[in-house]
A.B. asks: 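Got a structure here, written out as structure tokens. Questions coming.
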2 protein chains.
Amino acid sequence: MSDLVTRLRRHNWRITPQRRVIAETLEGSHVHFTAEQILERAVERMPELSRATVYNTLNEMVALGEVLELTLDGRSKRYDPNADHEHHHLICEGCGLMKDVHAMADPVDWLPGDERHGFSVTRASITYRGLCPECRTAAAEGAQA
Amino acid sequence: MSDLVTRLRRHNWRITPQRRVIAETLEGSHVHFTAEQILERAVERMPELSRATVYNTLNEMVALGEVLELTLDGRSKRYDPNADHEHHHLICEGCGLMKDVHAMADPVDWLPGDERHGFSVTRASITYRGLCPECRTAAAEGAQA
DNA sequence: ATCTTGTCTTAGACTTAGTCTAAGCTAGGA
DNA sequence: TCCTAGCTTAGACTAAGTCTAAGACAAGAT
């Protein structure tokens, strides 16, 4: 039983077969998929599922606050079913691999009052960038050659 | 004289009239424009300027490291001519207004070694989100009504 | 001064990601 | 059972960005 489905049901949200497949696809993986990748995988389980339903459903889950929408590469949005606990993201600039990470401090505490420009700041997320072990090796070999 | 143009020239980059107009448009404003907005404004000064040249030029300036590419709203990329000094971004969730801000510490220092998954982490940026003074007022009035 | 070569720019076709629309389907209440 | 509201569908549409092929231009060689 999917935990995300349980959380969604609490919002009096109708769990249709389509929505269940989408939620389970989203939660079943530990990388963050794009809408298109979710469609691709969900269609394996429910071939008549439409693109519009996937997009609608993802947007609704984001609106309910149970899924996070990430826009980190400027190409397409990615969806993160862990809307629960505070975490940040580490991205490989070589291959786009993305990991969830936890920082030792809350960045909101590090924004001085005079840098807030009168905003009420509610949350902050950190995007770390670098090279994953594989891309680092590849880069080193490339430099040698 | 544009400072960005000076920086670009240091890379032995040919400063054509088109590139100059684009660089000056980018630097002349203190908000972060999308490529389409830059095109729109640059065309006022050089009507025959093409969309492809704007996109090419922006991508080249990013590759040279003199301009930052921001993907914060998931719709379109925005360009920030201040690639120089470390800064982060504060975004209004109501109207999309974006400000540059400075934090009191470098977030790279807050990522413990065992959370780095073997990556070489080179940089980190923080996205702060909240409501700007105007949207906060509007929200309060909306709640009253 | 002209030629040559490589770079830059252009218009427009194309691609990708996502939204919208109109019609049909389905589940649950009167 | 019928009604209604909400859900799903196919496919058209839009927005952002990339690609391509051809022409324009600039700088060095002759």
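Below, all heavy atoms of this structure are taken into account, side chains as well, without hydrogens, waters or symmetry copies. Throughout, a chain's letter reflects where its sequence line sits, starting with A, and its residues are numbered from 1.
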A.B. asks: Can you measure B/Glu48 atom CD to D/dA24 atom C1' for me and round it to whole angstrom units?
C.D. replies: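 Those two atoms, CD and C1', are 12 Å apart.
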A.B. asks: Say whether, by atom type as modelled, one donor and one acceptor occur between the side chain of A/Glu115 and the main chain of B/His102 under 3.5 angstrom.
C.D. replies: yes
A.B. asks: Check whether any side-chain heavy atom of B/Leu49 sits under 4.5 Å from a side-chain heavy atom of B/Ile22, and report yes or no.
C.D. replies: yes
A.B. asks: Measure from CZ on B/Arg20 to P on D/dA26 and round the result to the nearest Å.
C.D. replies: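 Roughly 14 Å, once rounded to whole Å.
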A.B. asks: Could you point out which residue of A/Asn12, A/Val5, A/Thr6 forms a side chain to side chain contact (heavy atoms under 4.5 Å, CB included) with A/Arg9?
C.D. replies: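 The residue from A/Asn12, A/Val5, A/Thr6 that satisfies side chain to side chain contact (heavy atoms under 4.5 Å, CB included) with A/Arg9 turns out to be A/Val5.
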A.B. asks: Could you check whether the rings of A/His32 and A/His87 sit parallel, tilted or perpendicular, using 30° and 60° as the cut-offs?
C.D. replies: tilted
A.B. asks: Indicate whether OP1 or OP2 belonging to C/dT10 is found under 4.0 Å from a side-chain N or O atom of B/Gln18.
C.D. replies: yes
A.B. asks: Rounding to an integer number of Å, can you tell me how far B/Lys77 NZ sits from C/dT16 P?
C.D. replies: 14 Å
A.B. asks: Under 4.0 Å between a side-chain N or O of A/Thr16 and OP1 or OP2 of D/dT8?
C.D. replies: yes
A.B. asks: State whether B/Arg19 and B/Glu60 are salt-bridged, where the test is any N-O pair (Lys NZ or Arg NE/NH1/NH2 against Asp/Glu carboxylate O) under 4.0 Å.
C.D. replies: yes
A.B. asks: With nearest nucleotide decided by heavy atoms, which residue, A/Met46 or A/Arg75, maps closer to the 5′ end of DNA chain D?
C.D. replies: A/Met46
A.B. asks: What is the distance, to the nearest angstrom, from the CD1 atom on B/Ile22 to the C1' atom on C/dT10?
C.D. replies: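 Distance, rounded to whole Å: 12 Å.
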A.B. asks: Calculate the interatomic distance between B/Asn12 atom CG and C/dC8 atom P; express it in whole Å.
C.D. replies: 12 Å
A.B. asks: Could you give the CD-to-C1' distance, from B/Glu36 to D/dT14, as a whole number of Å?
C.D. replies: 12 Å
A.B. asks: Check the orientation of A/His88 and A/Tyr128. Use parallel for under 30°, tilted for 30 to 60°, and perpendicular for over 60°.
C.D. replies: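 Rings of A/His88 and A/Tyr128: perpendicular, over 60°.
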A.B. asks: Could you state the CD-P distance from A/Gln37 to C/dG18, rounded to the nearest angstrom?
C.D. replies: 11 Å
A.B. asks: Among D/dG17, D/dT9, C/dG18, which is the nearest nucleotide to the side chain of A/Ser50?
C.D. replies: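 Minimum distance to the A/Ser50 side chain belongs to D/dT9.
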A.B. asks: Counting neighbours of CZ on B/Arg41 that are heavy atoms of other residues, nucleotides or ligands and sit closer than 6.0 Å, is the number greater than 12?
C.D. replies: yes
A.B. asks: Between D/dA15 atom P and B/Arg78 atom CZ, what is the distance in whole Å?
C.D. replies: 15 Å
A.B. asks: For DNA chain C, determine which residues of residues 51-63 of chain A have any heavy atom closer than 4.0 angstrom to one of its atoms, and list them numerically.
C.D. replies: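 By residue number: A/Ala52, A/Tyr55, A/Asn59.
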A.B. asks: Counting only side-chain N and O atoms of B/Arg14, is one of them less than 4.0 Å from OP1 or OP2 of D/dA27?
C.D. replies: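 Result: no.
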